[in-house]
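Atoms within each ligand, like the ligands themselves, are counted from 1 in listed order.
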Amino acid sequence: MSEHMLLAFDDEAPLAQALAYALDVPLGWVRCHRFPDGELRLRLPDNLPPRVLLLRGLQQPNEKLVELLLCAPAARELGANEIVLLSPYLAYMRQDMAFTPGEVVSQRHVAALLGGLFDAVLTVDPHLHRVRSMEALFPGRRGVALSAAPLLGQWVAQQLGEPVLIGPDEEAAQWVSVAAQERGLTHGVGRKRRLGDHEVVLELPPLALQGRAVVLLDDVASTGQTLIAAAQQALARGAASVDVAVTHALFVGDALQRLHEAGVRHVWSTDAVPHASNAVSVAPLLAQAVRELWGCE
Ligand code: R5P
């Protein structure tokens with residue numbers, strides 16, 4: 001019997017299968033039944049090896065956090081003695097301080113919950129801003145933050161040659177500069193102020209955009225409002241085209257449609273979150289990081 005197993009849920013099957021193949025480990029499924037009153041019944045393979053990797057992205061996170069709360073101790077009861085959570089999208093990272101008195105700092109409490117359940121947590125482009133590292137987020141645990149920015153940088157250069165890369169706000173600087181570095185692309189970041197869930201005020205950097213192919217690059221698109229505001233400005237400043245590349249395609253409601261209506265041509269994302277716009281796979285990146293964590297290099 002293998003020493004390792006990847007456990008996954010069927011709504012993340014493509015990434016799970018690619019990862020199991022890349023790692024050459026058996027893939028077990030967490031079967032999930034939802035009772036009429038909303039409670040969950042989960043079933044894991046009943047004989048787990050000592051080292052388990054649980055793939056669960058935390059897009060639409062609330063119910064998935066309960067799944068993790070149930071799965072981790074159950075996996076230990078069924079034989080696992082080391083459980084790594086691979087959560088390509090780590091939710092609740094943006095609320096990293098009390099912006100108004102009394103506001104719950106979700107980042108801290110979700111991290112404490114996950115750190116109590118898992119021996120290590122791996123993710124891709126987490127929204128770390130005031131807390132800068134996974135080590136700081138998961139004290140006493142192994143926390144690994146991978147970045148899809150180099151992959152997105154390569155992808156847009158392959159598609160467009162030499163586009164101008166723009167991050168819509170200062171927080172995107174970390175991803176844009178890395179993505180641009182791949183091919184020495186012109187890049188910059190804008191300034192953003194969020195007024196509400198669906199309202200942002202944004203100013204793009206003073207780069208020459210007239211006649212240029214512009215790619216807006218960010219870690220996550222949720223309502224799409226940030227990218228819509230940025231696209232409108234880039235087009236108003238004469239950009240020949242505006243495309244979008246994001247690591248995490250949350251795109252709630254009709255966000256994708258509104259983005260195209262605002263003049264965005266292509267929307268490319270990684271498969272860190274399953275979505276119709278997925279164009280770049282993070283499976284090789286994840287597999288490499290898991291091998292290193294398991295010491296299987
Ligand atoms: C926050 O600063 C993030 O990097 C994104 O820019 C933001 O979460 C996108 O949210 P939305 O799509 O709702 O504007």
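- For the pair Arg56 and Phe9, the distance from NZ or CZ to the six-membered ring centre is under 6.0 Å and the angle to the ring normal is within 45 degrees.
- When every heavy atom of Leu204 is checked against every heavy atom of Ala230, the shortest pair comes out as CD1-O, 3.6 Å.
- Shown here for Ser87 and Gly57, the closest heavy-atom pair between the two residues is OG-CA, 3.9 Å.
- Thr123 is listed as a side-chain neighbour of Met134, based on a closest heavy-atom distance under 4.5 Å.
- Closer than 4.0 angstrom to ligand 1 by heavy atom are Arg94, His127, Asp169, Glu171, Lys192, Arg194, Asp218, Asp219, Val220, Ala221, Ser222, Thr223, Gly224, Gln225, Thr226, sorted by chain and number.
- Every pair passing ring-ring contact (aromatic ring centres under 6.0 Å, His included) that includes a residue from residues 68-101 is listed here, sequence neighbours excluded: Tyr89-His248.
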Original post:
Between Gln158 and Gln154, does a side-chain hydrogen bond (donor to acceptor under 3.5 Å, both in side chains) hold up when you go through it step by step?
Top reply: CA-CA 6 Å; Gln158 275 162 17; Gln154 285 161 18; 5.2 Å; no
